[in-house]
Amino acid sequence: MSPILTISGLHKSFGKVEVLKGIDLTMQQGDVVSLIGSSGSGKTTLLRCVNLLEDFEQGSIELAGQSIGYKQDGGQRRRLSEREIARQRAMTGMAFQQFNLFPHMTAIRNVMLGLIKTKKMPKDEARAIAEKWLERVGMGQRRDHYPGQLSGGQQQRVAIARAIAMNPQIMLFDEVTSALDPELVAEVLAVVRDLANEGMTMLLVTHEMRFARDVSSKVVFMHQGRIHEEGTPEQIFGAPKTERLQGFLANSEF
Amino acid sequence: MNYDFNFDVIWRNWDLLAEGLGLGLFLAIVSIAIGCGIGLLAAFGMLSRHRTLRWIAVAYVSAIRNTPILVLILFCYFALPQMGIALDKISSFVFTLSIYAGAYLAEVFRSGLVALPKGLREAGLAIGLTEFKIKTNIIIPVMFRNVLPSLSNNFISLFKDTSLAAAIAVPELTFYARKINVESFRVIETWMVASMIYVVACYVIAALLRRLELRLAVPR
């Protein structure tokens, strides 16, 4: 089976600082890969390259057989048109640390917006899909609430529904529980776990080590812009090989 | 002070004052509407990645904001025709007040845009929206709600600035007040009533905008 996501030789700099120094990663359909590592290790940047929220200078990302963001054109590397990139971004779904719901729209309108504007769906169809996903994340009752009327955990669940309603090839989770009060973390993790159990392909950046261990098929430990160690959760958490990873895990809460 | 107040001439000319007020409101509404469009473009221009666009927008805003509006009005009405751009009084004034409004509103919109969390744009990108759709569906509506209180102030100022149209004989409220004054010599009464009409009109505008604000406010 060909992989759904292939990242090869990915390099990314912010000005003179090279934050990704050659990343290679492949994922099969249904894989759940957690990126762990201390802040500044490049894990969030890597995630953001997959849906082109960050440009990258070298290397390639292939999603479902398509080269993401750039094409080789007679030996020249060209950035795709904005329209092409927008279409490719819709192949991925992303949930953000800060939820980023549209504050002037109700929960259901947040979910419907991409369906209507990107997928050109008729309103009724978009509404039906949005309702279905809001139900799924346990937010059906609150569909007509505005983000400002919802708790952080509820907002994040709506944000996840908004992303997944687009029927993406892969879901990207960027520290989705980091901005939440401790008592709200569980409800969001439960939603993510359900999606994982249903076979959704997911790439997630997380500080929740226990969660990463439970839910992942593979865990990737990043350090200073490189993949320092990767393996199954058992290998990474049970028998870390490198000293760095051992040190990182010793300092992480379980 | 021995003065016999006599408002007769005012009441007799009430229709003129009402007509003048109506025209002033019309001028303000049209100019503000056009000014909002110009202001939005200029605000995005000032924040653009392209240096030329940024330069044009900044030049426009500072040139207009640093010129007294009366000078702008006279320039557009008297000097532009010499340069081959002849507009009638009303169009000339609407043109002037629009570009004047645009410069002030540009600043309001710019600060509103800068204050938006950048995650909003990214969330739009992440669901496959183009930059244009992000602006029209997310950025502008959210920013507009946030800046509405300071817009209200600008709207009221701009409405009061329509009184300057009298300088080029546009028949609005101040023009008619001056006419009544000159014909009747009822100086105190005329300008007292004209002032009162402005006060009441501004008060009503403020109240209407406040209602709009509450209507558009996002529940929380």
Every donor-acceptor pair from chain A to chain B under 3.5 Å, please, each on its own line.
| from | atom 1 | to | atom 2 | distance (Å) |
| --- | --- | --- | --- | --- |
| A:R48 | NH1 | B:E122 | OE1 | 2.9 |
| A:R48 | NH1 | B:E122 | OE2 | 3.4 |
| A:R48 | NH2 | B:E122 | OE2 | 2.7 |
| A:E82 | OE2 | B:E131 | N | 2.6 |
| A:N100 | ND2 | B:G119 | O | 3.3 |
| A:H104 | NE2 | B:N137 | O | 2.9 |
| A:K117 | O | B:K133 | NZ | 3.0 |
| A:T118 | OG1 | B:I127 | O | 2.8 |
| A:T118 | OG1 | B:G128 | O | 3.4 |

Working to the nearest 0.5 Å, report the span between [atom1] of [X] and [atom2] of [Y].
X      : Y      : atom1 : atom2 : value
A:L150 : A:L101 : CG    : CG    : 7.5 Å
A:F211 : A:R193 : CZ    : CZ    : 5.5 Å
A:L203 : A:L25  : CG    : CG    : 6.5 Å

Between [X] and chain B, with a heavy-atom cut-off of 4.5 Å, which part of the residue counts as in contact: side chain, backbone, both or neither?
X      : result
A:F96  : side chain
A:M105 : side chain
A:L52  : neither

Note to self: At a 4.5 Å cut-off on heavy atoms, which part of B:P219 comes close to chain A: side chain, backbone, both, or neither?
What the structure shows: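 For B:P219, backbone and side chain are both near chain A.
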Margin query: Shorter than 4.5 Å, heavy atoms on both sides: which option in B:G124, B:P117, B:A126 has the most such pairs with chain A?
Written below: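 Counting heavy-atom pairs under 4.5 Å, the top option is B:A126.
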Check: Under 4.5 Å between any side-chain heavy atoms of A:P103 and B:L120, yes or no?
Finding: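 Touching, per the 4.5 Å side-chain cut-off.
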Check: What pairs of residues pass the ring-ring contact (aromatic ring centres under 6.0 Å, His included) test when at least one of them lies in residues 15-41 of chain B, not counting sequence neighbours?
Finding: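 Qualifying pairs, neighbours excluded: none.
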Item checked: B:F93: ring-ring contact (aromatic ring centres under 6.0 Å, His included) partners, not counting sequence neighbours ->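 Result, ring-ring contact (aromatic ring centres under 6.0 Å, His included) vs B:F93: none returned.
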Note to self: According to ring-ring contact (aromatic ring centres under 6.0 Å, His included), who are the partners of A:Y70, at least two apart in sequence or on a separate chain?
What the structure shows: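 With neighbours one apart ignored, the set is A:F56.
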Check: In terms of heavy-atom contacts, does CD of A:E183 have more than 12 from other residues, nucleotides or ligands at under 6.0 Å?
Finding: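 Result for CD/A:E183: enclosed.
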Notebook entry, point to check: So, A:K43 side chain and A:G37 main chain: donor-acceptor pair closer than 3.5 Å or not?
Noted result: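 Answer holds: yes.
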Notebook entry, point to check: Among A:P168, A:A86, A:A95, A:A165, which has the most heavy-atom pairs under 4.5 Å with chain B?
Noted result: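 Ranked by contacts with chain B, first place is A:A86.
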